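Contents: one structure, followed by commentary.
These figures come from a predicted structure and were not determined experimentally. So you know, we letter chains A, B, ... as the sequences are listed, proteins then strands, and number each from 1.
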Amino acid sequence: MSNEQKQYLKKLKNTKIKILFWQILLIIIFIFLWELLVNIGVISSFIFSSPSRIFKTIIELINNNNFFIHIFITLKEVLIAFILGISLGFLIAIILYQFKLFARIIDPYLTMLNSLPKVALGPLIIIVCGANSKSIILMALLINLIVSIITIYNGFLTTPSYQLKLFKSLNASKLQILTHLVIPNSYQTIIASFKLCVAQTLVGVIMGEFLVSKQGIGYLIVYGKQVFNLNYVMTGIILLALISYLLYKLIVILEKKLLKHI
Amino acid sequence: MNNLIKIQELTKNYHTKEGEINALFNINLDIEKGKIISLVGPSGCGKSTLLSLISGLDEDYSGCILKDKIKTAYMLQNDALLPWLTIYENATLGLKLQKNITKERLEYVDYLLKLYNLQEFKDNYPKSLSGGMKQRVALIRTLAINPDLLLLDEPFSALDQQTRLLISDDVYKILRKEGKSAILVTHNIEEAITFSDQVIVLSKRPATIKNIIDIKFKNNDSIFTRRRDNQYEEYFDLIWKDLDMNE
């Protein structure tokens, strides 16, 4: 390896370290300022809580054996709704792709469902499914499913015409075109739809937990509001921020593994 | 000579919302086995349409296309390699889709990969290859399924001039060596003359056959030896005149 190459690689690494350094510094400054402004009374500790109060709340929740249950319940609901959303979305997108006329027929209804605020269906869902986690999962599924269908289906439609022509000239069957061309060609869009879907699922689950729940992070937030202990609310928000970041990161790792060559 | 394909009174009309387009009108053409034929004509005159009718991709026409059970294979302007498959997987794609992976065919693919110095890139992905190398892989994919007739739809026109000559010479030599029949659609008069046994000049839309010119050279070793033949200029002028009259 030449010296120039070594220097170039070193420079790349340095930039990476620099970015990480600033990211960590930024969060430290944020936490420090938050604590400071609360302590000197510039912002209200009652409304905005403070890092130390959130820390204490977490310790208290751990001691009551509630902390991990809240996280576990929310994560479980998110995962079930997410997996249901992407697999159903994938299946329905395939059906739409195979039956283009059907896709055109139901297009306005999909658009309508996509823009309908699904939370409006909340009361109906609770009456049908009961006040349990089934309602929460269904709520999240309604929110993430339409987005999954539309993004994956649009991904299928981007298959280049010259590749379709090649496959047809090789006498490929409809199933072969789907499995060897259309689906692999949409890997990137499918992963992108995972990212959208995970965000939408979190929205749905928290909304569901606001409406019906006895446990979960959404419950923690609602409970905090009811007893006027905003430490719970802020703790819930911080936990949600961390969870959504981690889930997103997991998908990015998956993306890197799957899309190595593209 | 036995005919591979016999085309009689072939007419093709397209229908769009804006109206009807007459693409081909009353085409009569015999394609002999082992011959390479070039189709030239003004752009948009229906050359590619004729090719897809012959291939059977488009079955909506009037007239008659008589062919035995022959296997055709396309080579397009775009190499159409799949980026998620390795070079080897791309080269054998046709065999896989046609469920025809035999030892003999795979050995042939290996032979071609070696012939074009692609053996060492076998497990690489298309993005690491140059445009010319990719088009060679597309050629191997086309030949792998052992077609009776190759349909070459401007396969060299996206390449730079030097690569274009090299690749078209590769294709020319392998077609000659294996005695394959081929139809080449091209805009390039030079390519049409140096590549084929017969140049068919089409008129502008609706395309009819303007002229059929048999090309005969003394030395047919490569497109370069053909290019150097004294007759070359004569053929060029002939085709140019036919094209020019359509303006």
Side-chain angles (χ1 to χ4, degrees), chain A residues 5 86 90 93-94 97-98 100-101 103-105 107 151-195 251-262, chain B residues 48-49 51-59 69-87 89-100 123-129 134-135 137-139 141-147 149-155 157-158:
Chain A
Q5 176 70 8
I86 52 171
F90 188 67
I94 287 175
Y97 187 78
Q98 294 299 332
K100 300 249 168 51
L101 193 66
R104 282 175 67 183
I105 291 169
D107 179 64
T151 14
I152 297 174
Y153 176 60
N154 282 328
F156 288 169
L157 290 182
T158 61
T159 312
S161 57
Y162 54 82
Q163 278 173 349
L164 284 169
K165 188 173 181 182
L166 171 79
F167 269 67
K168 280 178 194 153
S169 78
L170 289 167
N171 297 321
S173 67
K174 259 192 148 185
L175 184 68
Q176 282 178 325
I177 291 178
L178 190 71
T179 55
H180 288 79
L181 176 61
V182 175
I183 293 173
N185 179 66
S186 312
Y187 280 161
Q188 255 161 341
T189 332
I190 292 170
I191 297 282
S193 84
F194 283 12
K195 288 179 189 168
I251 293 171
V252 171
I253 291 168
L254 185 77
E255 180 178 24
K256 277 195 182 143
K257 285 226 149 137
L258 280 178
L259 304 180
K260 249 187 298 188
H261 312 297
I262 299 174
Chain B
S48 297
T49 306
L51 222 52
S52 70
L53 291 174
I54 291 172
S55 76
L57 278 183
D58 188 349
E59 290 175 328
K69 272 207 171 129
I70 58 164
K71 202 185 251 181
T72 57
Y74 249 103
M75 199 170 158
L76 305 163
Q77 183 177 346
N78 190 306
D79 55 66
L81 297 183
L82 304 177
W84 55 88
L85 296 183
T86 63
I87 296 310
E89 288 166 333
N90 266 296
T92 54
L93 179 71
L95 295 175
K96 194 175 167 195
L97 292 176
Q98 302 185 347
K99 299 194 174 67
N100 187 26
D123 299 320
N124 287 28
Y125 288 85
K127 69 173 177 191
S128 62
L129 263 58
K134 281 192 222 170
Q135 200 54 286
V137 179
L139 171 67
R141 181 186 60 204
T142 313
L143 290 168
I145 59 168
N146 197 16
L149 174 68
L150 277 91
L151 304 170
L152 310 170
D153 196 352
E154 299 186 41
S157 59

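Side-chain atoms of A/P184 and B/L82, non-hydrogen and from C-beta on, never get closer than 4.5 Å to each other. Contact of the B/L152 side chain with the B/L51 side chain is not registered, since no non-hydrogen atoms from C-beta on lie closer than 4.5 Å. Side-chain contact between B/D123 and B/I87 is absent, with no heavy atoms from C-beta onward closer than 4.5 Å. Between A/I183 and A/I94, the closest side-chain pair of non-hydrogen atoms falls below 4.5 Å.
Smallest separation of non-hydrogen atoms from B/Q135 and B/L76: NE2-O, 3.5 Å.
Within the 4.5 angstrom heavy-atom criterion, no atom of B/N124 approaches chain A. Heavy-atom distances place the side chain of B/K99, and not its backbone, under 4.5 Å from chain A. When heavy atoms are compared at a cutoff of 4.5 Å, B/T86 does not approach chain A at all. Of the two parts of B/L81, only the backbone, made up of N, CA, C and O, holds a non-hydrogen atom closer than 4.5 Å to a non-hydrogen atom of chain A.
The environment of NZ in A/K256 is sparse: at most 12 heavy-atom neighbours from other residues, nucleotides or ligands sit within 6.0 Å. Residue-environment remark: NZ (B/K96) stays at or below the threshold of 12 foreign heavy atoms within 6.0 Å.
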side-chain hydrogen bond (donor to acceptor under 3.5 Å, both in side chains) assessment of B/D153 paired with B/S48: CA-CA 7 Å; B/D153 196 352; B/S48 297; 3.0 Å; yes
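Using a 4.5 Å cut-off between non-hydrogen atoms, the part of residues 153-165 of chain A that approaches chain B consists of A/Y162, A/Q163, A/K165.
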